[in-house]
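Taking it in order: structure first as structure tokens, then the write-up.
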Amino acid sequence: MIAWIAQHPYITTGIALLVVLLFGAWFYYGNNALQVTHHHLATGRARGVRLVHLSDLHEKSFGRDNVRLRALVAAQRPDLIVFTGDLVNRSSRHAARAAQLLIDLARIAPVYFVPGNHEHGAGCLPALCRTLARGGVHVLRNRMETLRVGESRVSLLGLDGPDAYPARVARAFAALSSQRGLRIVLAHRPELFAHKKGAHYCQHDFDLMCSGHAHGGQVILPFVGGVIAPGQGLFPQYCRGLYHKDGRSLLVSRGLGNHVLVPRIFNRPEVGVLEIDMAT
């Protein structure tokens with residue numbers, strides 16, 4: 001084999017380049033080809049609510065002015081759209097473009113936004129929130145809003161972070177628990193849904209929590225799952241999909257963008273769709 005390679009250097013070089021190109025194309029596809037993931041939640045509190053869940057854009061663009069992402073979301077015909085943090089990067093350079101995506105999506109359905117750790121770290125959060133609010137996006141920072149979707153009443157509580165104004169967070173949860181209809185919590189970090197140490201959100205009364213932050217575990221190993229997530233470490237408990245505990249549900253988005261050098265592997269950017277209907 002070594003002698004053959006030495007006698008045919010151009011062929012072996014061509015094969016090596018082809019392999020590199022194929023791997024490059026595979027990595028590009030895995031980090032740029034949007035995937036719609038469907039989930040279903042049965043509850044006695046709502047009927048016929050279709051929710052699109054987005055998270056962790058990190059200023060990535062899917063086509064010029066995010067045209068591919070906007071078209072894919074519109075094709076889902078959502079009743080409401082939630083975005084659970086990290087719209088921008090901590091070293092923000094394209095915050096205006098990222099904000100425009102949510103403003104454009106607000107023409108499709110009501111959009112509800114909560115900030116993530118990167119918005120807080122970027123130093124642009126107040127200006128970003130003002131821009132989003134002027135564009136018709138509902139910015140929820142430790143406060144609640146209620147809307148009607150057909151015959152269903154939906155209340156959404158957005159949390160600004162685990163350590164931000166704990167007394168205000170407790171009051172917001174108390175207000176949410178008293179609401180009729182579907183009660184949704186928007187919070188960036190999924191590990192706060194339920195964990196063994198310290199306080200967690202499952203101590204409060206709600207129906208569904210939507211989160212991001214985990215990036216699907218960054219690398220998804222077949223038959224194993226996500227490899228690593230911030231705040232959870234190796235083989236995280238909550239990194240993608242729908243989870244249930246004590247009568248409460250958690251929907252974790254794999255996210256859209258990236259802010260680390262490690263590419264997404266078996267972990268395409270996600271547009272999550274949750275169908276919420278009456279329990280049978």
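All values below come from the heavy atoms of this structure, side chains included, with hydrogens, waters and symmetry mates left out.
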Item to check | cation_pi(K245, Y243) dist<6.0 Å, angle<=45 | outcome: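 Negative - K245 is either too far from the ring of Y243 or too far off its axis.
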
Measure from the side-chain N and O atoms of [X] to the backbone N and O of [Y], and report whether any donor-acceptor pair falls under 3.5 Å.
{"X": "E270", "Y": "V36", "value": "no"}
{"X": "R97", "Y": "A95", "value": "no"}
{"X": "R148", "Y": "E151", "value": "yes"}

Check whether [X] and [Y] end up in the same hydrophobic cluster, where Ile, Leu, Val, Met, Phe, Trp and Tyr are linked by side-chain heavy atoms less than 4.5 Å apart.
{"X": "L192", "Y": "Y238", "answer": "yes"}
{"X": "F206", "Y": "L251", "answer": "no"}
{"X": "Y29", "Y": "F266", "answer": "no"}

Taking side chain as C-beta onward, heavy atoms only, is [X] less than 4.5 Å from [Y]?
{"X": "I184", "Y": "D207", "value": "no"}
{"X": "V88", "Y": "D86", "value": "no"}
{"X": "F83", "Y": "L102", "value": "yes"}
{"X": "H215", "Y": "R240", "value": "no"}

Distance, nearest 0.5 Å, that separates [atom1] of [X] from [atom2] of [Y]:
{"X": "L105", "Y": "I81", "atom1": "CG", "atom2": "CD1", "result": "5.0 Å"}
{"X": "N32", "Y": "R268", "atom1": "CG", "atom2": "CZ", "result": "10.5 Å"}
{"X": "R143", "Y": "R141", "atom1": "CZ", "atom2": "CZ", "result": "10.5 Å"}
{"X": "M209", "Y": "R248", "atom1": "CE", "atom2": "CZ", "result": "12.0 Å"}
{"X": "I265", "Y": "N31", "atom1": "CD1", "atom2": "CG", "result": "8.5 Å"}

Check: [X]/[Y] side-chain N/O donor and acceptor closer than 3.5 Å:
{"X": "S177", "Y": "H204", "value": "no"}
{"X": "N89", "Y": "H259", "value": "no"}
{"X": "H188", "Y": "N117", "value": "yes"}
{"X": "S249", "Y": "H244", "value": "yes"}

